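A quick note: this is a predicted structure, and the numbers were derived from the prediction, not measured.
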Amino acid sequence: MIENGASSGTVREAADTADPYAAVLRPVRSGNTFEETVEKVLQLIRLGLVPVGDRLPPERELADRLQISRVTLREALKVLQDAGVLEVRRGRYGGAFVLAPAPVPAAASDGEALRRRVEALGDRLEDTLLFRQVLELGAAELCAARRPTGAEAERLRLLLSETGAASLEEYRRLDTRLHLAIAELSGSASVAAQYAAVRATVNDLLDCIPLLPPNLQHSQRQHEELIDAILTGDQSRARAAMREHLAGTAALLRGFLS
């Protein structure tokens, strides 16, 4: 029933002029530009705003609405193409076309088991990410307060260099070692133990999404900022660097798994 004297034609016109992407295509505000871009494109697909077989909005429009560079957008579209979610076609009738619903990619050999684990986690995804944030922000701040020197400082520098040189196959193992070292050097054995437990769950989740080289490069720059803040004893900068770093990982996990 149409109220207030509005005609069905008026309602159709309003629907036609409504912006279907407004809820998702908002400007990227954090320092995790690439990761948030991937998340937002996956949201367009996951919410059915761009169905399978349809084309995403043009690159210029996406970049303008997200307020990001065309280079960053193309990096995000490329990794989603590599993941089998999009097909990028060039030419007059080209664009980024949706090939399939945004799946939970199986990165490990036992992909079905990993999918079942993600489904079993359900709402625990957000709880896990929140618990990790609480632990790691506190660990970074405590570690900076201790301002590691000598062998402890060298340990962090060595682990940082190893993540920077890591292959795709080795990256997550070395990344885990770096983060665990920060927790251990916080001075609290309980923080380190709790972090080891939650990181095991996080790694299970990370194994369900593809490794994205632009994200790994960005993560390494964030690692460098974080370790510099810790070694100079800047607690607030260490906490802020860790917060931004975790937000990038969380954006990708939500984009692929939520």
Side-chain angles (χ1 to χ4, degrees), residues 31-32 35 107-108 114 117-118 121 124-213 215-254 257:
N32 298 294
E35 292 83 356
L114 288 172
R117 177 162 178 76
V118 170
L121 279 171
R124 287 182 55 206
L125 171 62
E126 290 300 327
D127 183 67
T128 299
L129 295 177
L130 182 59
F131 187 43
R132 182 193 186 194
Q133 179 175 327
V134 169
L135 284 174
E136 292 221 57
L137 294 186
E141 187 172 358
L142 288 170
C143 195
R146 292 185 65 247
R147 195 173 182 178
T149 58
E152 292 182 345
E154 284 307 307
R155 179 187 177 192
L156 289 177
R157 292 191 185 101
L158 175 61
L159 291 171
L160 176 64
S161 68
E162 288 180 345
T163 60
S167 64
L168 288 179
E169 293 75 18
E170 286 286 286
Y171 182 82
R172 285 201 178 124
R173 181 178 68 84
L174 296 173
D175 177 66
T176 299
R177 288 178 59 192
L178 175 61
H179 282 260
L180 186 56
I182 293 170
E184 291 171 348
L185 294 175
S186 70
S188 169
S190 295
V191 167
Q194 289 295 320
Y195 175 69
V198 77
R199 180 67 193 227
T201 301
V202 169
N203 280 355
D204 279 352
L205 295 171
L206 289 171
D207 282 342
C208 294
I209 71 174
L211 285 162
L212 309 178
N215 166 250
L216 302 189
Q217 294 164 10
H218 185 209
S219 291
Q220 184 61 16
R221 292 194 296 271
Q222 292 175 329
H223 283 155
E224 291 167 357
E225 169 71 9
L226 173 61
I227 298 303
D228 183 70
I230 287 172
L231 295 181
T232 57
D234 192 331
Q235 298 175 58
S236 61
R237 185 159 66 97
R239 188 178 180 90
M242 182 65 87
R243 184 189 300 277
E244 183 170 294
H245 179 57
L246 298 182
T249 301
L252 290 180
L253 286 172
R254 291 185 183 109
L257 304 182

Original post:
Going from CE on M242 to CD on E136, what distance comes out if it is rounded to the nearest 0.5 angstrom?
Top reply: 4.5 Å

Subject >> Under the side-chain hydrogen bond (donor to acceptor under 3.5 Å, both in side chains) test, residues paired with R147 that sit two or more places apart >> reply: none

**OP:** Please check if any side-chain donor atom of N203 sits under 3.5 Å from a side-chain acceptor atom of T201, or the reverse.
**Re:** no

Original post:
With a 4.5 Å heavy-atom cut-off, do I227 and I182 have their side chains touching?
Top reply: yes

**OP:** State, without any angle test, whether S219 and D175 hold a side-chain donor-acceptor pair at a distance under 3.5 Å.
**Re:** no

**OP:** Let me see the working for R173 and E170 under salt bridge (Lys or Arg N to Asp or Glu O under 4.0 Å), right down to the final yes or no.
**Re:** CA-CA 6 Å; R173 181 178 68 84; E170 286 286 286; 2.2 Å; yes

Distance-only donor-acceptor hits, side chain of residues 187-194, under 3.5 Å, sequence neighbours excluded:
{"unit_1": "S188", "atom_1": "OG", "unit_2": "S190", "atom_2": "N", "d": "3.4"}
{"unit_1": "S188", "atom_1": "OG", "unit_2": "V191", "atom_2": "N", "d": "3.1"}

Original post:
Say you draw a straight line from OG of S236 to CD of E141; how long is it, rounded to the nearest 0.5 Å?
Top reply: 8.0 Å

Original post:
So, for A144 and A229, which heavy atoms are closest and what is the spacing to 0.1 Å?
Top reply: CB-O, 4.2 Å

**OP:** Spell out, as yes or no, whether a donor-acceptor pair under 3.5 Å connects the side chain of N32 to the backbone of E35.
**Re:** no

**OP:** Taking the side chain as every heavy atom from C-beta outward, state whether R155 and L159 have any pair of such atoms under 4.5 Å apart.
**Re:** yes

**OP:** Only one of L206, I209, L129 passes side-chain contact (heavy atoms from CB on, under 4.5 Å) with T249; say which it is.
**Re:** L206

Original post:
When rounded to the nearest 0.5 angstrom, what is the spacing between CZ in R172 and OG1 in T176?
Top reply: 9.0 Å

**OP:** Check salt bridge (Lys or Arg N to Asp or Glu O under 4.0 Å) between R254 and all other residues, then give those that pass, not counting sequence neighbours.
**Re:** E126

**OP:** Output all residues satisfying salt bridge (Lys or Arg N to Asp or Glu O under 4.0 Å) with R177, sequence neighbours left out; order by chain, then residue number.
**Re:** E162

**OP:** Write down the atom of L142, the atom of S186, and the distance for their closest heavy-atom approach.
**Re:** CB-O, 3.6 Å

Original post:
Does the R146 side chain pair with the main chain of L185, one donor and one acceptor, at a distance under 3.5 Å?
Top reply: yes

**OP:** Taking all heavy atoms of A139 and all of A183, pick out the closest pair and write down the distance.
**Re:** CB-CA, 4.0 Å

Subject >> Contact list for residues 164-186, test ring-ring contact (aromatic ring centres under 6.0 Å, His included), sequence neighbours left out >> reply: H179-H223, H179-H245

**OP:** Using the salt bridge (Lys or Arg N to Asp or Glu O under 4.0 Å) rule, take R157 and E154 through it: C-alpha gap first, then chi angles, then the decisive distance, then the call.
**Re:** CA-CA 5 Å; R157 292 191 185 101; E154 284 307 307; 2.7 Å; yes

**OP:** Determine whether Q235 and R239 make a side-chain contact, defined as any pair of heavy atoms from C-beta on separated by less than 4.5 Å.
**Re:** no

Subject >> Spacing of L178 atom CG and L158 atom CG [to the nearest 0.5 Å] >> reply: 10.0 Å

Original post:
By salt bridge (Lys or Arg N to Asp or Glu O under 4.0 Å), which residues pair with E244, not counting sequence neighbours?
Top reply: none

Subject >> Over all atoms of both residues, closest heavy-atom pair of L156 and P148 >> reply: CD1-CG, 4.1 Å

**OP:** With rounding to the nearest 0.5 Å, note down the distance linking CG in L252 to CG in N215.
**Re:** 5.0 Å

Original post:
What are the two closest heavy atoms between A166 and L174, and how far apart are they?
Top reply: CB-CD1, 3.6 Å

Subject >> Approximate separation, where rounding is to 0.5 Å, of L205 CG and T128 OG1 >> reply: 6.5 Å

Subject >> Exercise: identify the closest heavy-atom pair between T232 and D228 >> reply: OG1-O, 2.8 Å

Original post:
So do L180 and R199 actually touch side chain to side chain, heavy atoms under 4.5 Å?
Top reply: no

Original post:
Mind checking whether E184 and Y195 have side chains closer than 4.5 Å, heavy atoms only?
Top reply: no

